[in-house]
Each structure stands twice: as C-alpha cells, then as structure tokens.
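Computed from heavy atoms alone, side chains included, the values below leave out hydrogens, waters and symmetry copies. Below, chain A is the first sequence line, B the second, and so on; all start at residue 1.
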Amino acid sequence: MNYWLVKSEPESYSWDDLQSKGEDIWDGIRNYQARNYLKEMRVGDQVLFYHSGKAKEIVGVAKVSMEAFPDPNDKEQKDWMAVKLVPSKSLPKPLNLEQIKSDDLLSGMILLKQSRLSVMPLEKPQFEHIIKITS
DNA sequence: GCCAACGTTGGC
DNA sequence: GCCAACGTTGGC
C-alpha cells in the first residue's frame, strides 16, 4: 500500500466533481516527475486530494481504482499517463496549508518543497496523522 | 551541452 | 497583481 497526494485547482476540477462522478480518470498530467509517480500507483493506494489556488487545503481521500494507462488526450504521443480514482471520504475538518506548515510531522512534505508538483508520494505516518487530525 | 528567454504554477 | 520556482525551448 502506497500513499499519495494529488493537487487540483477546484475551479478546473474539484473534489466535488470527483464525488459526483463516483469514479473518474485522473489525466492531463504533463510533468515527467508526476507522470512517473502515476506509474507507481497501484489499485487500492490511498490518495489525498488537495485544492490549490484559493482553497489551499486537503479536502478528501480517494483510492486508486485503475493503474496507469496511456492518457487518452495525449495528442503528442509522449507517453503521458493517467490513472482512475474513486472518492472514499470527505475530510470533516480539511487541513489547510498553514496547518501543514506548522505541524512537525508534516513540515517535511513534498507539497511544501516542490510547490509545482501535482502528484507526489506521502509517508505512511504522515497519511495516518492527517486522517487522524482531520476526522 | 550551456544558457537566456519564456511560459506555467501556485503562494502571498 | 506580483514574484519565486521550475520546466521547456531554441540559439549558439
């Protein structure tokens, strides 16, 4: 079991969008590092959903329901990949960026170091800690 | 292979 | 709206 965090601007694709779909494709990733992480995802892996932009908070947990396959919108044929996600639960108390920064266990998160990366791995203790403090 | 110019993302 | 941090592109 691996743990991940994905980012999205809620104006273009929000947690609510994923919830209303039930299962949806996670595509459009055009960054090699993020793409490589997508390839490492396995069915059942846990995925935190972060809203960037105005919201800046972790709002939900999803699970990987389909492993990496070629992004259907990859017009350049550059080996871009997509996965599928299923929402599993909304966080009763979303965790905002400020809280993440000030939390000793979370201050090492890639989210804070590589602000532009949209798919990143997470340590198990970090994931469990986040679930605990947001429930 | 280096580097300047440019575009994008995301926080402030 | 601005700027920092990156990634990409193209000239040399």
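Remark: P of C:dA5 and NZ of A:Lys7 are 15 Å apart, rounded to the nearest angstrom. Atoms CD (A:Glu9) and P (B:dT9) sit 8 Å apart, rounded to a whole Å. Here B:dT8 presents its C1' atom at 14 Å from CD1 of A:Ile29, a figure rounded to the nearest Å. Between the CD atom of A:Glu98 and the C1' atom of B:dG10 there is a distance of 15 Å, given to the nearest Å. The interatomic distance linking A:His51 (NE2) with B:dG11 (P) rounds to 12 Å, in whole Å. When rounded to the nearest whole Å, the span between CE of A:Met109 and P of B:dG10 equals 14 Å. Nucleotide B:dT9 holds its P atom 13 Å from the CG atom of A:Leu117, rounded to whole Å. As rounded to whole Å, 7 Å separates atom P of C:dT8 from atom CG of A:Asn31.
You'll find the side chain of A:Phe49 stays beyond 4.5 Å of the side chain of A:Lys7, heavy atoms only.
Taking only side-chain atoms of A:Gln33, from C-beta outward, the nucleotide of B:dG10, C:dG7, B:dC12 with the closest atom is C:dG7.
If you check the side chains of A:Glu57 and A:Gln99, you find no donor sitting under 3.5 Å from an acceptor.
Side-chain N/O atoms of A:Tyr50 include one lying less than 4.0 angstrom from OP1 or OP2 on B:dG11.
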### Query
Given A:Trp15 and A:His51, is the side-chain contact (heavy atoms from CB on, under 4.5 Å) satisfied, shown in steps?
CA-CA 8 Å; A:Trp15 172 244; A:His51 277 162; 3.6 Å; yes
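Residue A:Lys113 is classed as a sugar-phosphate contact, given heavy-atom separations below 4.0 Å to backbone atoms only.
Ring geometry for A:Trp26 against A:Tyr13 counts as perpendicular: the plane angle is over 60°, on a 0 to 90° scale with 30° as the lower cut.
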